[in-house]
Amino acid sequence: MRQLKLNDTVIRYELVFSNRAKRISARIREGQMKITVPQGLTEKKAVAFIESAKERIFGLWQKALAAEEQKPMRRYDEGEHLLFLGEMLVLSVTKSRRQAIQIQRRDQNLIISIPTQVSDNDDPRVIAGALEAWYKTQAREIFWAKLNQFAALMGVEYRQFRLKDQKTRWGSCSALGNINLNWRVILAPECVVDYLVVHELAHLRYLNHSSDFWHVVETYLPDYRGLRSWLKEHGRELGL
Ligand SMILES: [Zn+2]
């Protein structure tokens with residue numbers, strides 16, 4: 001990730017060289033900026049050009065942030081669909097006299113009961129919070145089980161596992177053997193979760209993305225390439 005500074009504001013961006021690009025363009029998606037430049041350009045020239053156009057890039061950035069803020073909040077109405085381990089769950093919303101909001105999964109249904117004292121206007125906000133907590137609980141349990149299962153299979157040991165909340169980073173493994181996994185991946189098909197788990201565990205052997213590293217991943221997941229590109233392609237859709 002590179003940085004662009006204007007006064008006190010810092011924008012982090014990804015620099016991408018593309019042989020299809022005729023000129024420099026900037027794109028923002030979910031708070032991430034990607035600047036694409038033509039393949040033939042040297043890195044030095046590209047960065048110099050970006051620096052010279054930074055006022056314009058900051059304008060784009062501010063516009064994108066404003067648009068993000070205005071995005072209408074999801075309603076979470078009865079019958080809406082939610083992804084969980086690659087399956088579609090159907091939301092069912094009921095009111096109950098209980099004090100706390102409750103979420104229960106029954107087959108393909110996710111049943112949410114909201115305390116009657118919560119006003120209808122507050123519903124989406126309350127449901128969003130409860131759903132996120134539910135997803136995180138499921139993610140913690142499932143990731144933990146898979147980490148242990150694959151660690152035993154691969155003959156590696158990790159030190160600590162933490163659930164993370166990031167927009168576009170799916171997992172990481174530190175030199176100390178601590179593994180972080182993003183809860184949003186629990187929305188992806190189970191084989192993609194397996195891929196992420198095996199990927200991070202393989203870093204316990206190689207703390208890089210060398211061919212030796214990929215060989216370890218391939219040993220346990222022969223189809224890892226497809227799973228990896230799935231995550232690249234659909235990662236942005238993994239959210240509530
Ligand atoms: Zn990695």
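Residue indices begin at 1 and follow the sequence shown. Counting starts at 1 for both ligands and their atoms, following the listed order.
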Exercise. Can you say whether the rings of Phe161 and Phe143 are parallel (under 30°), tilted (30 to 60°) or perpendicular (over 60°)?
Worked result: perpendicular
Measuring only between side-chain heavy atoms, which start at C-beta, is [X] closer than 4.5 Å to [Y]?
X: Leu83; Y: Leu89; value: no
X: Phe213; Y: Arg205; value: no
X: Leu163; Y: Lys136; value: yes

Exercise. Which protein N, O or S atoms lie under 2.8 Å from the Zn ion (ligand 1), given by chain and residue number?
Worked result: His199 NE2, His203 NE2, His209 NE2
Problem set entry | Verdict with reasoning, Asp223 to Arg228, per salt bridge (charged side-chain N to carboxylate O under 4.0 Å, His left out) | CA-CA 9 Å; Asp223 182 36; Arg228 187 178 164 210; over 6 Å; no
For this session: Using only heavy-atom distances, determine whether the side chains of Ser172 and Asn180 contain a donor-acceptor pair under 3.5 Å.
Result: yes
